[in-house]
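Working notes, structure below.
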Amino acid sequence: MHQARSFRAGSARTQALVVAIGAAIVLVLLALSGDAYLLLHAGPPVLLVAAGIWAAFWLPSLEADEDGVVVRNPLRTHRMPWSAVTGVVVDWQLAVLAGSRKVTVWALPREARPVRSYMRAGEDVTATSATAVAARLITEELESRRGEPTSGEVRTRWNVVVVLVLAALAVASVVSLFT
């Protein structure tokens, strides 16, 4: 692989920005109303929605470089060396196969076509969507590495900051609704 590539769904990022701007407007209007009770009770749920949309739509990505593939999903990040990657599946969204594991890529949903595609090294992918481009890039890289040993460990870690922020806002939202 000559250069690192990063993939994200552009429309999802736009949706996340719209929600963030909407949440900011709501919070500013609540603050300008001068009603602290209303701000304290409506603020946490608004922030929870904004943070949840950020985690689900802004954060996810797929990165491919010389070392392998990194899949960033809302709650977990998966690092897969090329030696562990065995293929990709495009069903409702892109998924990277690593042996018996199937890691779904939240960042790359499938375009709105009723086609199910399985791509392994050597197969032709001609579509131009970001999902298809990412699938093609991975299959081409696998083809160029054909004959190399297929081993390696997929490392998965929790996105602790995201989980803690969402949990804290969920607790604050429940408390604000019942006080």
Side-chain angles (χ1 to χ4, degrees), residues 1-17 19-20 47-111 115-170:
M1 174 163 296
H2 301 294
Q3 62 181 349
R5 297 284 308 266
S6 182
F7 297 92
R8 287 185 159 96
S11 61
R13 297 195 96 187
T14 302
Q15 292 167 357
L17 278 174
V19 170
L47 289 173
L48 177 60
V49 168
I53 295 296
W54 171 80
F57 291 96
W58 186 274
L59 183 64
S61 69
L62 171 95
E63 296 172 8
D65 60 21
E66 287 293 327
D67 298 326
V69 177
V70 177
V71 176
R72 284 190 178 82
N73 285 333
L75 301 180
R76 293 188 293 180
T77 298
H78 309 273
R79 297 183 189 283
M80 295 170 267
W82 285 114
S83 60
V85 177
T86 56
V88 292
V89 176
V90 180
D91 196 2
W92 290 107
Q93 56 201 45
L94 182 74
V96 180
L97 304 174
S100 62
R101 281 189 73 175
K102 179 180 175 182
V103 177
T104 302
V105 182
W106 280 52
L108 296 171
R110 179 182 62 101
E111 59 274 6
V115 175
R116 183 179 174 115
S117 302
Y118 290 88
M119 285 152 281
R120 302 266 182 205
E123 293 182 340
D124 183 31
V125 182
T126 57
T128 58
S129 70
T131 303
V133 170
R136 184 172 49 240
L137 177 123
I138 291 171
T139 55
E140 287 173 357
E141 184 66 22
L142 291 175
E143 180 65 27
S144 73
R145 293 172 182 268
R146 183 175 278 180
E148 292 181 12
T150 56
S151 63
E153 183 180 328
V154 176
R155 292 177 299 165
T156 300
R157 70 170 177 80
W158 286 93
N159 297 334
V160 177
V161 172
V162 174
V163 171
L164 291 176
V165 167
L166 292 174
L169 286 172

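Only a predicted model underlies this, so the values are computations on that prediction, with no experimental measurement involved.
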So, for [X] and [Y], which heavy atoms are closest and what is the spacing to 0.1 Å?
X	Y	value
Gly152	Pro81	CA-CG, 4.1 Å
Gly99	Thr86	N-OG1, 3.4 Å
Pro74	Leu59	O-CD2, 3.7 Å
Gly52	Leu166	N-CD2, 3.7 Å
Ala9	Pro109	CB-CD, 4.0 Å
Leu169	Ala51	CD1-CB, 3.7 Å

Return the [atom1] to [atom2] distance between [X] and [Y], rounded to the nearest 0.5 Å.
X	Y	atom1	atom2	value
Asp65	Trp82	CG	CH2	8.0 Å
Arg157	His78	CZ	NE2	10.5 Å
Trp106	Gln93	CH2	CD	7.5 Å
Arg13	Arg8	CZ	CZ	4.5 Å
Gln15	Trp58	CD	CH2	12.0 Å
Met80	Thr156	CE	OG1	7.5 Å

Residue that, paired with Leu108, satisfies side-chain contact (heavy atoms from CB on, under 4.5 Å) out of Val90, Leu62, Val88, Val133
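Only one of Val90, Leu62, Val88, Val133 forms a side-chain contact (heavy atoms from CB on, under 4.5 Å) with Leu108, namely Leu62.
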
Using side-chain heavy atoms (C-beta onward) and a distance below 4.5 Å, is [X] in contact with [Y]?
X	Y	answer
Phe57	Val19	no
Val163	Leu75	yes
Arg72	Arg79	yes

Using the side-chain contact (heavy atoms from CB on, under 4.5 Å) rule, take Thr104 and Trp92 through it: C-alpha gap first, then chi angles, then the decisive distance, then the call.
CA-CA 9 Å; Thr104 302; Trp92 290 107; over 6 Å; no

Does a side chain donor of either Arg136 or Thr131 reach within less than 3.5 Å of an acceptor in the other side chain?
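The criterion, which ignores hydrogens and geometry beyond distance, is not satisfied for Thr131 and Arg136.
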
Between Thr77 and Asn159, is there a side-chain donor-acceptor contact under 3.5 Å, judged purely by atom types and distance?
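Thr77 and Asn159 do have a side-chain donor-acceptor pair below 3.5 Å.
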
